[in-house]
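No hydrogens, no waters, no symmetry mates; every other heavy atom, side chains included, goes into these values.
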Amino acid sequence: MPEAAPSPVTAEDLDEAVRLAVATLREAPESAWDGKAGSLEWTCWETVEHLADDLFAYAAQLGIRTPPVDTYVPFVLEARRPEGPANTIHADREAGPAGLLQVLEACGALLVAMVRTAPPQIRAHHGFGAADREGSAAMGIVETLVHTHDLAEGLGLAWAPPAGMCARVLARLFPDAPRDTDPWTTLLWATGRAELPGRPRLTEWRWYSAPRP
């Protein structure tokens, strides 16, 4: 009997991922945001800005009727320090962590809306393959889940997203990842953040965001 096709990644999955991430990050102490985010060289504050920027950028790529096929929409990118991420999106420090998380939630909502409303034929440029709406949602979920993992390590928080969501994202973006292992651990392995039994931690990785036949 042939294996059933995996369920598609949806805007509802993305909405849930952002909601769960924001709820988890609200538990962080205000004094912890300038510490490193897990194994990253960025601070926790910078990592949330980077995540918000990713979600905003994926939404912007879907928002043009004829998106550029070989580059991103040309927003200005700016790093606030030499080692920090280059972003379009920056949060007002005077608004504190609560304001930072509002920026994240708002950028997530933009991508959710674009995944729901963009024409199905739209293809959004990405270096790992031009993505359709489902691919854009899946990319946004991966960014949200794994960067919240980085943040949870830096902020001392517990973080374990739903296994079904992780499995759907793996099926859409990481076709060569194993399917008989824990989906969340496998997603961390596929993004260079964990080991799997019998499989070394990856030092290079990528996803495949272009639609597959």
Side-chain angles (χ1 to χ4, degrees), residues 14-15 17-30 32-63 71-112 114-115 124-128 131 135-157 159 161 166 169 173 187-188 190-194 202-207 209:
L14 174 62
D15 188 56
V18 174
R19 178 181 59 80
L20 293 172
V22 170
T24 295
L25 296 174
R26 284 196 181 115
E27 301 299 318
E30 290 200 15
W33 287 94
D34 288 322
K36 292 287 182 65
S39 61
L40 304 182
E41 292 302 313
W42 302 332
T43 69
C44 292
W45 184 283
E46 289 171 336
T47 302
V48 174
E49 288 185 327
H50 165 78
L51 172 55
D53 193 78
D54 281 337
L55 299 173
F56 168 82
Y58 296 156
Q61 290 296 121
L62 289 174
T71 189
Y72 297 101
V73 178
F75 293 101
V76 172
L77 300 173
E78 180 183 60
R80 295 290 173 88
R81 63 183 184 94
E83 298 82 10
N87 297 335
T88 299
I89 300 298
H90 296 274
D92 183 353
R93 288 298 301 236
E94 292 188 4
L100 175 67
L101 295 180
Q102 287 178 349
V103 169
L104 174 59
E105 189 173 6
C107 290
L110 291 174
L111 181 54
V112 168
M114 290 311 306
V115 170
H125 170 74
H126 192 281
F128 291 163
S136 297
M139 293 190 299
I141 293 170
V142 171
E143 300 281 7
T144 300
L145 300 189
V146 300
H147 282 314
T148 303
H149 165 78
D150 300 329
L151 288 156
E153 286 191 332
L155 296 167
L157 303 172
W159 172 243
C166 297
V169 167
L173 295 182
L187 183 58
L188 291 175
T191 54
R193 288 166 169 81
L202 299 178
T203 57
E204 295 183 358
W205 61 272
R206 61 159 294 172
W207 61 51
S209 41

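In terms of heavy atoms, Ala52 sits closest to Val103 at CB-CG1, 4.1 Å. Listed here is the closest heavy atom pair of Trp159 and Ala152: CB-CB, 3.7 Å. Among all heavy-atom pairs drawn from Ala91 and Leu100, the shortest one is CB-CD1, 3.7 Å. Residues Ala21 and Thr148 approach most closely at CB-OG1, 3.3 Å, considering heavy atoms. Closest approach of Cys44 to Ala37, counting heavy atoms only: SG-CA, 3.9 Å. Across all non-hydrogen atoms, the minimal contact from Phe128 to Trp207 is CB-O, 3.3 Å.
For the atom pair OG1 (Thr47) and CD (Glu143), the distance works out to 11.5 Å, reported to the nearest 0.5 Å. A distance of 13.5 Å separates CD of Glu46 from CG of Leu51, quoted to the nearest 0.5 Å. Here the straight-line distance linking atom CG of Leu202 with atom OG1 of Thr191 works out to 8.5 Å at 0.5 Å rounding. Atom CG of residue Leu14 and atom CE of residue Met114 lie 12.5 Å apart, to the nearest 0.5 angstrom. Rounding to the nearest 0.5 Å gives a distance of 9.5 Å between NE2 of His126 and CZ of Arg206. Between Leu20 atom CG and Leu145 atom CG the span is 8.5 Å, to the nearest 0.5 Å.
Within a 6.0 Å radius of CD in Glu83, more than 12 heavy atoms belonging to other residues, nucleotides or ligands are found. The environment of Glu78 atom CD is dense: over 12 non-hydrogen atoms of other residues, nucleotides or ligands sit within 6.0 angstrom.
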Report task. Might you work through the side chain to side chain contact (heavy atoms under 4.5 Å, CB included) test for Thr43 and Arg81, ending with a clear yes or no? Result -> CA-CA 11 Å; Thr43 69; Arg81 63 183 184 94; 4.2 Å; yes
Step by step, work out the side chain to side chain contact (heavy atoms under 4.5 Å, CB included) result for Leu104 and Leu55. CA-CA 8 Å; Leu104 174 59; Leu55 299 173; 3.9 Å; yes
Q. Does the side chain to side chain contact (heavy atoms under 4.5 Å, CB included) test come out yes or no for Val22 and Val18, once each step is laid out?
A. CA-CA 6 Å; Val22 170; Val18 174; 4.2 Å; yes
- With salt bridge (charged side-chain N to carboxylate O under 4.0 Å, His left out) as the test, would you mind laying out the steps for Arg80 and Glu49 before giving the verdict? CA-CA 11 Å; Arg80 295 290 173 88; Glu49 288 185 327; 5.5 Å; no
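Checked by atom type and distance alone, the side chain of Gln61 pairs as donor or acceptor with a backbone atom of Val73 at under 3.5 Å. In this structure, Asp53 contributes its side chain and Thr88 its backbone to a donor-acceptor pair below 3.5 Å.
Considering only heavy atoms from C-beta on, Trp33 comes within 4.5 Å of Leu155 through its side chain. Side chains of His147 and Leu40 form a contact here, defined as non-hydrogen atoms less than 4.5 Å apart. You'll find the side chain of Asp150 reaches within 4.5 Å of the side chain of Arg193, heavy atoms only.
The aromatic rings of Trp42 and His50 are tilted relative to each other, their planes meeting at an angle between 30° and 60°.
The side chain to side chain donor-acceptor pair (under 3.5 Å) contacts involving residues 91-101 comprise Asp34-Arg93, where partners must be two or more places apart or lie in separate chains.
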